[in-house]
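Residue numbers start at 1 and run along the sequence shown.
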Amino acid sequence: MKRIAVFTSGGDAPGMNAGVRAVVRSASAQGLHVYGIYRGYQGMIEGEIKRLEREDVKNIIHRGGTILKTARSMEFMTPEGRKKAYDSLMAHDIEGVISIGGNGTFTGANIFYDEYKVPFVGMPGTIDNDLYGTDFTIGFDTAINTAIDAIDKIRDTADSHNRLFFIEVMGRHSGYIGLYTGIGSGASGILIPEKSNDTESLIKTLKKGVQRKKLFSLVVVAEGDETGGAIEIAKRVKDEFPQFETKVTIIGHLQRGGSPTCNDRILASRLGHAAVEGLVAGKKNVMAGIVNNKLKFTTFKECITKAKVPHKDLLDLSEILALG
Ligand code: F6P
């Protein structure tokens, strides 16, 4: 293998740049030529492919976002789009591709491999941490630390005014961000898609708080919770406790930006190096992940079909510690 490409796709995640840097530097150390594909699958279709040398990735390890840009391409979902993408790769004699992204990225890569047999190795890059085959995804650690910083600030004002705050964090189908930030911020309630009946349990907790004359509370809600998000749940709770002054904060895309934490930089660096080694060794259609601190390759099929759910002990802990 002489020429490989790297791209980022789907929602950006802090640490993607550290991952691109690791791919370019590890591949260059092996004498490979690396090409950057810009704007994900859409850029692959449109032929936005440029050579990346070692110096092109200097001074990016600390930067959020992705220097390669990203996109969610509808065209790649069509056979015509994938044919154009294949032609672009062949025009640059690309023999293997490293894709950094989440579920949608690997679903696309899996179909593409079936049709064109171009080997892909993936790296998990999404703030949601919802990928099977790795304990943590690139960007998750930064996102939860950004959210915690915001929630701590909300705690100050909630305390001063005796208010009940509902804080919505990201996680389209997944409660990892909600669970970690909820436990880490000492929230009185955590509503995530992986827990059923969490509204009833929240109401019980709040009632106990009223009995103990608790003056303010923070409730963390994952955007993907079945209640419909923080605005909906705040309305329901207000009906039950009209005496509470309730407020809603949606942290939103703030969680996607910013300088990656050291953990995310290291994770991205390890996985970037592993992805290059894997590709050179002949791996294809797999994602490089870290499970129990060990490198593990998992097929794209498993990554996209198997559900990753938070450990039960963390879910239990969140209930026990909520009672303030
Ligand atoms: O997948 C990461 C994520 O940030 C989700 O948590 C969120 O629902 C989604 O992306 C938002 O996507 P977009 O930036 O396209 O609105």
Main chain of [Y], side chain of [X]: is a donor-acceptor contact present, judged purely on distance under 3.5 Å?
{"X": "Ser318", "Y": "Ile183", "answer": "no"}
{"X": "Thr78", "Y": "Glu75", "answer": "yes"}
{"X": "Asn17", "Y": "Ile67", "answer": "yes"}
{"X": "Asp159", "Y": "Asp156", "answer": "no"}
{"X": "Arg25", "Y": "Arg54", "answer": "yes"}
{"X": "Arg21", "Y": "Ser269", "answer": "no"}
{"X": "Thr70", "Y": "Gly10", "answer": "yes"}
{"X": "Lys308", "Y": "Thr134", "answer": "yes"}
{"X": "Gln255", "Y": "Ile127", "answer": "no"}
{"X": "Tyr176", "Y": "Val309", "answer": "yes"}

When clusters are formed by joining ILVMFWY residues with side-chain heavy atoms under 4.5 Å apart, either directly or through shared neighbours, do [X] and [Y] land in the same one?
{"X": "Met170", "Y": "Ile167", "answer": "yes"}
{"X": "Ile98", "Y": "Tyr86", "answer": "no"}
{"X": "Leu131", "Y": "Ile266", "answer": "no"}
{"X": "Ile111", "Y": "Tyr116", "answer": "no"}
{"X": "Leu271", "Y": "Leu32", "answer": "yes"}

For [X], enumerate each residue passing the side chain to side chain contact (heavy atoms under 4.5 Å, CB included) test, keeping only those at least two apart in sequence or located in another chain.
{"X": "Thr305", "answer": "none"}
{"X": "Gln211", "answer": "Lys208"}
{"X": "Arg155", "answer": "Phe216, Leu218"}

*asked:* Just verifying a value: how many Å separate His62 NE2 and Cys262 SG, rounded to the nearest 0.5 Å?
replied: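 Taking NE2 in His62 and SG in Cys262, the distance rounds to 14.0 Å.
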*asked:* Once rounded to the nearest 0.5 Å, what's the spacing between atom OG of Ser185 and atom CG of Asp152?
replied: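 Ser185 OG to Asp152 CG: 7.0 Å, rounded to 0.5 Å.
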Which salt bridge (charged side-chain N to carboxylate O under 4.0 Å, His left out) pairs, counting each pair once, include a residue from [range], with sequence neighbours left out?
{"range": "residues 122-143", "value": "none"}
{"range": "residues 219-235", "value": "Glu232-Lys235"}
{"range": "residues 29-43", "value": "Arg39-Glu46, Arg39-Glu48"}
{"range": "residues 61-72", "value": "none"}

_Can you list everything that forms a side chain to side chain donor-acceptor pair (under 3.5 Å) with Ser73? Sequence neighbours excluded, please._
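Expected list: Gln42.
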_Test of understanding: with side chain to side chain donor-acceptor pair (under 3.5 Å), list the residues that count as partners of Lys153, not counting sequence neighbours._
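Checked Lys153 against side chain to side chain donor-acceptor pair (under 3.5 Å); matches are Asp149.
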_Arg3 and Tyr35: CA distance, side-chain angles, deciding distance, side chain to side chain donor-acceptor pair (under 3.5 Å) verdict_ = CA-CA 7 Å; Arg3 294 152 82 99; Tyr35 288 79; 2.9 Å; yes
*What do the steps show when you test Thr298 against Lys306 for side-chain contact (heavy atoms from CB on, under 4.5 Å), and what is the final call?*
CA-CA 11 Å; Thr298 304; Lys306 290 196 175 169; over 6 Å; no
[X] and [Y]: which non-hydrogen atoms are nearest, and at how many Å?
{"X": "Ala71", "Y": "Ser9", "answer": "O-OG, 4.0 Å"}
{"X": "Lys195", "Y": "Leu315", "answer": "CG-CD2, 3.8 Å"}
{"X": "Leu202", "Y": "Ser188", "answer": "CD1-O, 4.4 Å"}
{"X": "Ala18", "Y": "Ile61", "answer": "CB-CG1, 3.9 Å"}
{"X": "Thr105", "Y": "Gly101", "answer": "OG1-CA, 3.5 Å"}
{"X": "Val248", "Y": "Ala230", "answer": "CG1-CB, 3.8 Å"}

*Report the C-alpha separation of Leu191 and Phe166 in whole Å, then their side-chain angles, then the decisive distance to 0.1 Å, and conclude whether the side-chain contact (heavy atoms from CB on, under 4.5 Å) test is met.*
CA-CA 10 Å; Leu191 277 71; Phe166 292 87; over 6 Å; no
State, yes or no, whether a side-chain contact exists between [X] and [Y] at a heavy-atom distance under 4.5 Å.
{"X": "Lys301", "Y": "Phe106", "result": "no"}
{"X": "Ile94", "Y": "Val118", "result": "no"}
{"X": "Ile151", "Y": "Phe165", "result": "no"}
{"X": "Phe241", "Y": "Thr246", "result": "no"}
{"X": "Ile100", "Y": "Val6", "result": "yes"}
{"X": "Asn103", "Y": "His173", "result": "no"}

Counting only pairs under 3.5 Å, give me each side-chain donor-acceptor contact of residues 275-293, with atom names and distances, residues two or more places apart or in other chains.
{"residue": "Glu277", "atom": "OE2", "partner": "Gln30", "partner atom": "NE2", "Å": "2.8"}
{"residue": "Asn285", "atom": "ND2", "partner": "Asn110", "partner atom": "OD1", "Å": "3.2"}
{"residue": "Asn293", "atom": "OD1", "partner": "Arg270", "partner atom": "NH1", "Å": "2.9"}

*Step through the shown structure and confirm whether more than 12 heavy atoms of other residues, nucleotides or ligands are within 6.0 Å of NZ on Lys117.*
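Correct, the count exceeds 12.
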_If you count every heavy atom of other residues, nucleotides or ligands that lies below 6.0 Å from Ile231 atom CD1, does the total exceed 12?_
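No.
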_Worked verdict on Arg265 versus Thr142 for side chain to side chain donor-acceptor pair (under 3.5 Å)_ = CA-CA 10 Å; Arg265 297 179 201 195; Thr142 309; over 6 Å; no
Parallel, tilted or perpendicular: rings of [Y] and [X] (30°, 60°):
{"X": "Phe140", "Y": "Phe136", "value": "parallel"}
{"X": "Phe7", "Y": "Phe120", "value": "perpendicular"}
{"X": "Phe76", "Y": "Tyr41", "value": "parallel"}

*Could you walk me through whether Leu89 and Phe112 pass the side-chain contact (heavy atoms from CB on, under 4.5 Å) check?*
CA-CA 12 Å; Leu89 293 180; Phe112 195 66; 3.7 Å; yes
_Side-chain heavy atoms under 4.5 Å apart, restricted to Ile/Leu/Val/Met/Phe/Trp/Tyr: what other residues fall into the cluster of Met74, or is it alone?_
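ILVMFWY cluster around Met74 also holds Met77.
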_Under 4.5 Å side-chain linkage, directly or through intermediates, the cluster mates of Tyr132_ =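 None, because no other hydrophobic side chain comes under 4.5 Å of this residue.
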*Begin from the C-alpha positions of Met123 and Val23 and carry the test side-chain contact (heavy atoms from CB on, under 4.5 Å) through to its verdict.*
CA-CA 10 Å; Met123 290 165 58; Val23 167; 3.8 Å; yes
